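See below for the structure under consideration.
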Amino acid sequence: MRDPNISKIFEVAKAENRNFLFEHEAKMLCSLYGIPITKIEVVKTEDAAVASANRIGFPIVLKIVSPQVLHKSDAGGVIVGVNDEKGIRESYQRIISNIKNNVPTAVIDGILVQEMAPKGTEIIIGSTVDPTFGPTIMFGLGGIFVEILKDVSFRLAPITKEDAWEMLDEIKAKKILDGARGMPKADKETIVNTLLAVSKMLIECPEIKELDMNPILVYEKGARAVDARVIL
Ligand code: ADP
Ligand code: MG
């Protein structure tokens, strides 16, 4: 049986009549399956944002929390690389004014304060539910590789460890993961474990209609999901 904390995340969304999880909820869900995420705190005031940033440690990323803003950077709802208290206060106000201008109908639930993850190889893991075959798992490299080149691999959940390794091997740009062209190597073992964790999540959580972890930053050792979106 799945961890009751997992069910609680879905219950809160349901009670609020939401058909999606906020980023911090989606990340909590990922974390409960052992997927590494950034440190996160949701705040509702500028002072609380400063206190939270001091707890988490600089540099910081601030993001909008609003049911009407699921694509946060398009709406001016993401500011990365905030280095000090003054920056937190300015960025907090800037995000709120961006959202008021760009999405006037948006209800602002708060601001998500999170650690800024170091640069790494960007990957994407996603899922949609096939009406006949159930949940699918997609893997690709971030940026142009998925968005323009559609260089991705797919499997139906659940997957085995062997399937996960094959998914890494099936993309055309796979050499990037091995450090081609002076790029740093990416920790493939961690990617495989993340794919397996996502597979388990999809099987245990029929509530999930869509999952989009975009991007996950992968390092020579370890990885960090810096954004996660779940549609219920
Ligand atoms: P969106 O809802 O627009 O997809 P994201 O949360 O993905 O917003 O943030 C936009 C971009 O900002 C990401 O693609 C990533 O490059 C960067 N970013 C977001 N959060 C972090 C973080 N915690 N650490 C480092 N970079 C981040
Ligand atoms: Mg994103």
Side-chain angles (χ1 to χ4, degrees), residues 1-42 44 63-75 77-78 103 105-114 123-140 142 146 152-161 163-164 167 190-217 223-232:
M1 222 202 50
R2 71 182 185 188
D3 181 336
N5 290 315
I6 293 167
S7 303
K8 248 181 247 160
I9 294 174
F10 295 121
E11 280 158 20
V12 169
K14 197 170 176 206
E16 294 178 5
N17 266 314
R18 281 188 276 122
N19 72 333
F20 62 90
L21 300 181
F22 286 121
E23 176 181 329
H24 56 280
E25 296 170 328
K27 279 181 170 170
M28 282 313 298
L29 177 64
C30 288
S31 174
L32 288 163
Y33 281 95
I35 298 168
I37 59 161
T38 54
K39 288 181 196 157
I40 42 173
E41 290 187 20
V42 177
K44 289 178 187 286
K63 300 186 192 179
I64 187 67
V65 182
S66 165
Q68 287 76 31
V69 187
L70 290 190
H71 297 273
K72 301 168 297 279
S73 38
D74 292 350
V78 178
V103 194
T105 54
V107 177
I108 297 174
D109 279 15
I111 295 286
L112 179 58
V113 183
Q114 62 188 256
I123 65 158
I124 296 176
I125 296 177
S127 173
T128 53
V129 178
D130 181 277
T132 308
F133 299 109
T136 65
I137 306 175
M138 186 211 80
F139 165 75
V146 167
V152 293
S153 54
F154 283 97
R155 283 291 182 285
L156 291 173
I159 56 170
T160 63
K161 194 160 198 164
D163 294 325
M167 289 179 79
T190 292
I191 301 176
V192 163
N193 289 335
T194 304
L195 287 166
L196 289 171
V198 167
S199 170
K200 182 161 190 253
M201 184 197 302
L202 294 170
I203 295 300
E204 286 189 357
C205 305
E207 292 93 339
I208 300 175
K209 299 273 188 303
E210 275 175 44
L211 167 73
D212 188 24
M213 298 167 74
N214 179 7
I216 302 172
L217 301 179
R224 210 88 52 87
V226 304
D227 185 23
R229 189 164 21 244
V230 169
I231 306 293
L232 305 171

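Just so you know, these numbers come straight off a predicted model, no measurement behind them.
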Taking the side chain as every heavy atom from C-beta outward, state whether F22 and D109 have any atom pair closer than 4.5 Å.
yes

Going by heavy atoms in the side chains, are L196 and K161 under 4.5 Å from each other?
yes

I'd like to know whether I124 forms a side chain to side chain contact (heavy atoms under 4.5 Å, CB included) with D212, so could you lay out the CA-CA distance, the side-chain angles of the two residues, the decisive distance to 0.1 Å, and finally the verdict.
CA-CA 7 Å; I124 296 176; D212 188 24; 4.1 Å; yes

Answer whether the closest heavy-atom distance between the side chains of I64 and V103 falls below 4.5 Å.
no

With Y33 as reference, evaluate R2, E204, K200 under the side chain to side chain donor-acceptor pair (under 3.5 Å) test and give the passing residue.
E204

Does the side chain of L232 reach to within under 4.5 Å of the side chain of V230, using non-hydrogen atoms?
yes

Any idea which heavy atoms bring M138 and M167 closest together, and the distance?
C-CE, 4.2 Å

Find the distance between OG1 (T128) and CD1 (I231) and round it off to the nearest 0.5 Å.
12.0 Å

Nearest 0.5 Å, what's the CG-CD1 distance between L195 and I123?
6.5 Å

Could you report the tightest heavy-atom contact between L29 and C205, atom names first, then the distance?
CD1-SG, 4.4 Å

Looking only at heavy atoms, the pair that brings A26 and R229 closest together is CB-N, 4.3 Å

Check for a donor-acceptor pair, side chain of S66 on one end and backbone N or O of V107 on the other, with a separation under 3.5 Å.
yes

Please find the pair of heavy atoms, one from G134 and one from L156, that lie closest to each other, and give the distance.
O-CD2, 4.3 Å

For D227, the salt bridge (charged side-chain N to carboxylate O under 4.0 Å, His left out) test, sequence neighbours excluded, returns K72

What closest approach, in Å, do V226 and K27 show between heavy atoms, and which atom pair accounts for it?
O-NZ, 2.9 Å

Checking the side chain of E23 only, and the main-chain atoms of V65 only, is there a donor and an acceptor separated by less than 3.5 Å?
no

Can a donor-acceptor pair be found, under 3.5 Å and without considering hydrogens, that links the side chain of K63 to the backbone of G77?
no

Let me confirm one number: the CD1-CG distance from I208 to L21, rounded to the nearest 0.5 Å.
7.5 Å

Residues 190-199 vs side-chain hydrogen bond (donor to acceptor under 3.5 Å, both in side chains), sequence neighbours excluded, gives D187-T190

So how far is it from F10 CZ to E25 CD, rounded to the nearest 0.5 Å?
10.0 Å

Is there a donor-acceptor pair closer than 3.5 Å between any side-chain N or O of S127 and the backbone N or O of T136?
yes

Going by heavy atoms in the side chains, are V146 and N214 under 4.5 Å from each other?
no

To the nearest 0.5 Å, atom CG of N19 lies from atom CG of L70 at 8.0 Å

Go through the steps for F139 and I137 under the test side chain to side chain contact (heavy atoms under 4.5 Å, CB included), then give the verdict.
CA-CA 7 Å; F139 165 75; I137 306 175; 5.9 Å; no

Once you round to the nearest 0.5 Å, how far does CD1 of I216 lie from SG of C30?
7.5 Å

Grab the two heavy atoms, one from M201 and one from I35, that are nearest each other, plus how far apart they are.
CE-CD1, 3.9 Å

